[in-house]
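Step one of this worksheet: look at the structure below.
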Amino acid sequence: MTPVLSATGLFTPAESISNAELVKCFNTWVAGWNARHADAIAAGAVAPLQPSSVEFIEKASGIKSRYVLSKTAILDPEIMAPRIPERPNEEISILAEIAVAAATDALGRAGRTGRDLDAVICACSNLQRPYPAIAIEVQDALGAKGFAFDMNVACSSATFGIQTAADMVRSGSARCVLIVNPEICSGHLNWRDRDSHFIFGDVATAILVEDRAQAKAAHWEILGTRLLTRFSNNIRNNFGFLNRAAPEGIGQPDKLFVQEGRKVFRDVVPMVSDLILGHLADLGISRTSLRRLWLHQANANMNRLIAERVLGREASDDESPTVLDRYANTSSAGSIIAFHLHHEDLAAGDLGLLCSFGAGYSAGSVLLRRKA
Ligand code: COA
């Protein structure tokens, strides 16, 4: 059997935070902290905290705004974290709820219902619990048969999910596989870290991979997938169950997202462009025939460099669209949002490349060709 990508879906939270709103809150907190520590600062015992700036954020990242599920608490200088009430077990989990919203969008676009699914994969960075799997809750909510499981490869989770689903269709273990990428990144972001407080947003995406024989006419052929991992400490999050042994550790910054942004930039740009170029060469496809790149959305400068290395020249916005400005980094969902919002205009036969990269390090490349 031959796997194809038949539809994608998107859930976008109703609320968003502009850079100006974010920086105002951050700087209010910084001013308060510096005032509370004025004596120690005057004595030279501690360094004053530095303010953030809208100009820096836009120049360094390309991000102008981000969607979030809990705006009020994030922008409260006394809290600066999402406050999402815990739900009783009888109620659907928030992560499953936003995954179902994106899945319903994808299924509708493919003319399918949950009953057509054989498998559900929840592939994302930020799972809210270890078990029962979020994917099984989504399977249940959609009335799907078959089986479901969660997987986490950080920002590369979606492309790793696509290869897993494609392999399942090829092997015959499933004919119709739903991949959901619900990302509540606001929950693991340190909103008080000047270097990264602007990076992430919340969203959910969904991808339907089916056997070509049963897919709708207008689908995307999956010409090939390639995955890569290489260990690095440069993007890390140490939150976990073993921290329970040292409760004082829970509030430490390394129990949230931390990164060496500059090192990530330097390591990942060549790693990802080499991965893509090697993948294209092995498939016998020239880079000049690529109509569009749907790159992971972490940093606009990084995407510009990767696109340039892949195409051998600067890419236009049309060739490498960005959603970072509105959505910020949404971890595994980023490249799927870019695809979802920027594929309708491509013609039959057009080639496009979906690519993710992030913690691990991990990277994934998926080559697609529009059919019909
Ligand atoms: N506001 C104002 N200035 C700030 C600031 C802020 N919020 N945060 C940092 N700065 C300052 C720093 O103090 C530094 O000042 P100095 O030069 O006087 O020392 C300067 O800006 C440069 O900081 P730096 O962290 O080196 O910026 P950068 O240009 O490397 O951009 C990132 C930072 C994180 C946006 C960028 O490195 C990046 O996106 N890297 C890749 C990250 C990535 O893809 N991660 C994957 C996650 S899935």
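Values below: every heavy atom of this structure, side chains too, minus hydrogens, waters and symmetry copies. Whatever order the structure lists ligands and atoms in, that order sets their numbers, starting from 1. We count residues from 1, following the sequence as given. Remember, predicted model here, so these are calculated numbers, not experimental data.
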Compute the shortest N/O to N/O distance between M302 and ligand 1 and return yes if it is under 3.5 Å, no if not.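 No - when backbone and side-chain N and O of M302 are compared with those of ligand 1, no distance drops under 3.5 Å.
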
Would you say H296 has any N or O atom under 3.5 Å from an N or O of ligand 1, going by distance alone?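 Min N/O separation from ligand 1 is not below 3.5 Å for H296.
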
Shortest protein heavy-atom distance from [atom], along with the residue and atom involved:
{"atom": "atom 32 (C) of ligand 1", "result": "N299 ND2, 4.4 Å"}
{"atom": "atom 30 (O) of ligand 1", "result": "R262 NE, 2.9 Å"}
{"atom": "atom 40 (N) of ligand 1", "result": "G261 O, 3.1 Å"}
{"atom": "atom 1 (N) of ligand 1", "result": "S53 N, 3.2 Å"}
{"atom": "atom 12 (C) of ligand 1", "result": "R194 NH1, 3.8 Å"}

My understanding is that only residues two or more places apart in sequence, or in another chain, count here; which of them pass ring-ring contact (aromatic ring centres under 6.0 Å, His included) with F160?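 For F160 there are no ring-ring contact (aromatic ring centres under 6.0 Å, His included) partners, ignoring immediate neighbours.
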
Parallel, tilted or perpendicular: which one describes the rings of Y67 and Y327, with boundaries at 30° and 60°?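 Rings of Y67 and Y327: tilted, as their planes differ by 30° to 60°.
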
Option passing side-chain contact (heavy atoms from CB on, under 4.5 Å) with D202 (candidates L189, I184, I84):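 The residue from L189, I184, I84 that satisfies side-chain contact (heavy atoms from CB on, under 4.5 Å) with D202 turns out to be I184.
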
Record the part of [X] in heavy-atom contact with ligand 1 below 4.0 Å; permitted values are side chain, backbone, both and neither.
{"X": "Q259", "result": "side chain"}
{"X": "N329", "result": "side chain"}
{"X": "I235", "result": "side chain"}
{"X": "A60", "result": "both"}

N329 and R66: side chain donor to acceptor below 3.5 Å: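 Per modelled atom types, N329 and R66 side chains form no pair under 3.5 Å.
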
With a 3.5 Å cut-off and no angle check, do the side chains of D150 and Y131 form a donor-acceptor pair?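 Absent: no donor and acceptor within the cut-off.
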
Is the closest heavy atom of C155 to ligand 1 under 4.0 Å?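 C155 counts as a contact of ligand 1 under the 4.0 Å cut-off.
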
Can I57 be said to touch ligand 1, with heavy atoms closer than 4.0 Å?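 Outside the 4.0 Å threshold, so no.
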
Before accepting this row, confirm whether a basic side-chain N of the pair E210/K216 lies closer than 4.0 Å to the acidic partner's carboxylate O.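 Between K216 and E210 there is no salt bridge, as every charged N stays at least 4.0 Å from the carboxylate O atoms.
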
E319 with R292: basic N within carboxylate O range, under 4.0 Å: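 No.
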
Heavy atoms only: which of F265, F56, Y361 is nearest to atom 33 (C) of ligand 1?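 Looking at heavy atoms only, the winner is F56.
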
Without placing hydrogens or testing angles, list every side-chain donor-acceptor pair under 3.5 Å for residues 270-284, not counting sequence neighbours.
unit_1, atom_1, unit_2, atom_2, d
S273, OG, V269, O, 2.5
H279, ND1, S365, OG, 2.7
D282, OD2, R226, NH1, 2.9
D282, OD2, R226, NH2, 2.9

Can W220 and F339 be said to form a ring-ring contact (aromatic ring centres under 6.0 Å, His included), step by step? CA-CA 11 Å; W220 290 82; F339 173 84; 5.4 Å; yes

